[in-house]
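Following: one structure in structure tokens, then a few remarks.
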Amino acid sequence: MMILKSKSKYDLESTLYSGQCFLWNPILSDNLQAHEIVLGGTRFRVQQLSDKIDAIYPLNITQNQSLILQNHLRVDDDLGYIYQSIESDKYLLSSFKKFEGLHLLRQDPWECLVTFICSSNNNMKRIKLMLNKLINSFDNTHTDSLGEYKTFPTPDQIIEAGEEHLRSLGFGYRAKYIFETSRIILYENIDLLKLRSQNYDDNLEQLTMFPGVGDKVANCVMLFSLDNLNAFPVDVWINRVLREIYLNDSKNKIADSRLRSHFQSYFGEYSGYINHYLFHSRRND
DNA sequence: ACTAGACCTCC
DNA sequence: GAGGTCTAG
């Protein structure tokens, strides 16, 4: 076991299951609540220990593995700095207090892209189910001291399996989107990791070129995997909370992309972090 | 630029 | 109806 250093208090439960990532699994380890994920081909397990994270697997975690985990968990984020950036906002203040320690994650861009293409017109439970089916339908089996585990399929594996394979897993019309997106990535030799830390506008333009990726999905991918912390996905929940709290219950029709750019200016460089607190709060009241 | 309808499947 | 996107007009 090894306590991970984090700049701020860390709330694992809120962070891992707030709807930004669907690849973490709750698991019982020594009768204690733990959480498991595969990162870069390695299986990791963590659990909450007071305000910090305890990395309990791999057992003798290497320096490099520990870096992979910390990088994914964004333990260096300074939440206090983000919290104080909007001091006068009553609703946000109570959200920060209620979910103190909620972090964004830094996910793998490819896995994140597939995840949020799946999210369209869908619910969290089924998104999770679809991703599990997808992972289990390929033979990417690895073995460690805990037993077998699987890694996420690559674009070329998805192409080889075919669009019909995805349909047979229950992906519906999203099968075509994921299949075509895989083809574009492979044939145009696109390295999604290179989009990391590129500016918001360029990434938005690049990502919305993929079929099945509109403004909302692109903003999710940018926020949850590409370090564009000013990304601001507007879904039905964010739309609700913006109207209720910030637009005086306005029922005017405003396009989500216009709401998005307006509130990006309003909330500033960490609007994406604020977005996730708004989302999580609105869903949990 | 902006607005309706269709779209797969499952709870 | 569900954490949207695409297409037509």
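Worth saying up front: this structure is predicted, and the values here are computed from it rather than measured. Note: hydrogens, waters and symmetry copies are ignored here, and every other heavy atom, side chains too, is used. Labels below follow one simple rule: chain letters A, B, ... track the order of the sequence lines, proteins then strands, and each chain is numbered from 1.
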| task | For nucleotides B:dC8 and C:dA8, find the distance between their P atoms and express it as a whole number of Å. | result |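 About 15 Å, rounded to a whole number of Å.
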
| Between C:dG1 and B:dG5 - C1' atom distance, rounded Å |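 It works out to 16 Å between them.
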
Distance, rounded to the nearest Å, where [X] contributes [atom1] and [N] contributes [atom2]:
| X | N | atom1 | atom2 | answer |
| --- | --- | --- | --- | --- |
| A:Y177 | B:dC8 | OH | C1' | 10 Å |
| A:I238 | C:dG4 | CD1 | C1' | 15 Å |
| A:N132 | B:dC10 | CG | P | 15 Å |
| A:I178 | B:dC7 | CD1 | P | 19 Å |
| A:N123 | B:dC8 | CG | C1' | 13 Å |
| A:M130 | B:dC8 | CE | P | 13 Å |
| A:L166 | B:dC8 | CG | P | 14 Å |
| A:F171 | B:dC7 | CZ | P | 20 Å |

| Base C:dG4 paired with A:Y173 side chain (donor-acceptor, <3.5 Å) |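 Looking at the base of C:dG4, it does pair with a donor or acceptor on the side chain of A:Y173 (distance under 3.5 Å).
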
| Any donor-acceptor pair under 3.5 Å between the side chain of A:R174 and the base of B:dC8? |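 Indeed, a donor on one side and an acceptor on the other fall under 3.5 Å apart.
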
| task | Without swapping roles, check the side chain of A:D191 against the backbone of A:L193 for a donor-acceptor pair under 3.5 Å. | result |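 Yes, because the side chain of A:D191 sits within donor-acceptor range (under 3.5 Å) of the backbone of A:L193.
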
| Test item: A:K128 side-chain N/O and A:F22 main-chain N/O as donor-acceptor pair under 3.5 Å |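 Yes.
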
Base, sugar-phosphate alone, or nothing: which one does [X] contact when heavy atoms must sit under 4.0 Å apart?
| X | result |
| --- | --- |
| A:D215 | sugar-phosphate |
| A:G19 | base |
| A:P211 | sugar-phosphate |
| A:M124 | base |
| A:S18 | base |

| said: Please tell me whether A:Y83 and A:Y277 form a close aromatic pair, meaning their ring centres lie under 6.0 Å apart. | reply: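 Here the rings of A:Y277 and A:Y83 have centres that are less than 6.0 Å from each other.
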
| query | Between A:W237 and A:V213, which is nearer to the 5' end of DNA chain C once each is assigned its nearest nucleotide? | reply |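 Going by which nucleotide is closer to the 5' end, it is A:W237.
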
| Between A:S120 and A:L129, which has a closest nucleotide on DNA chain B that is more 5'? |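 On the 5' side of the pair lies A:S120.
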
| Would one find more than 12 heavy atoms of other residues, nucleotides or ligands at under 6.0 Å from atom CG of A:N199? |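 More than 12 within 6.0 Å, yes.
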
| said: Less than 4.0 angstrom from a charged side-chain N to a carboxylate O is my criterion; do A:E244 and A:R240 meet it? | reply: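 Looking at A:R240 together with A:E244, the answer is no, because their closest N to O distance does not fall below 4.0 Å.
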
Of the listed nucleotides [options], the one nearest the side chain of [X]:
| X | options | answer |
| --- | --- | --- |
| A:R258 | C:dG4, B:dC2, C:dG3 | B:dC2 |
| A:R283 | B:dC11, B:dC10, C:dG3 | C:dG3 |
| A:N121 | C:dC6, B:dC7, C:dG3 | B:dC7 |

| field | Counterpart base for C:dG3, defined by Watson-Crick or G-U wobble contacts under 3.5 Å | value |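 By the stated definition (distances under 3.5 Å), nothing pairs with C:dG3.
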
| request: Give me the one residue out of A:L49, A:I61, A:I53 that meets side-chain contact (heavy atoms from CB on, under 4.5 Å) with A:L4. | output: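 Option passing the side-chain contact (heavy atoms from CB on, under 4.5 Å) with A:L4: A:I53.
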
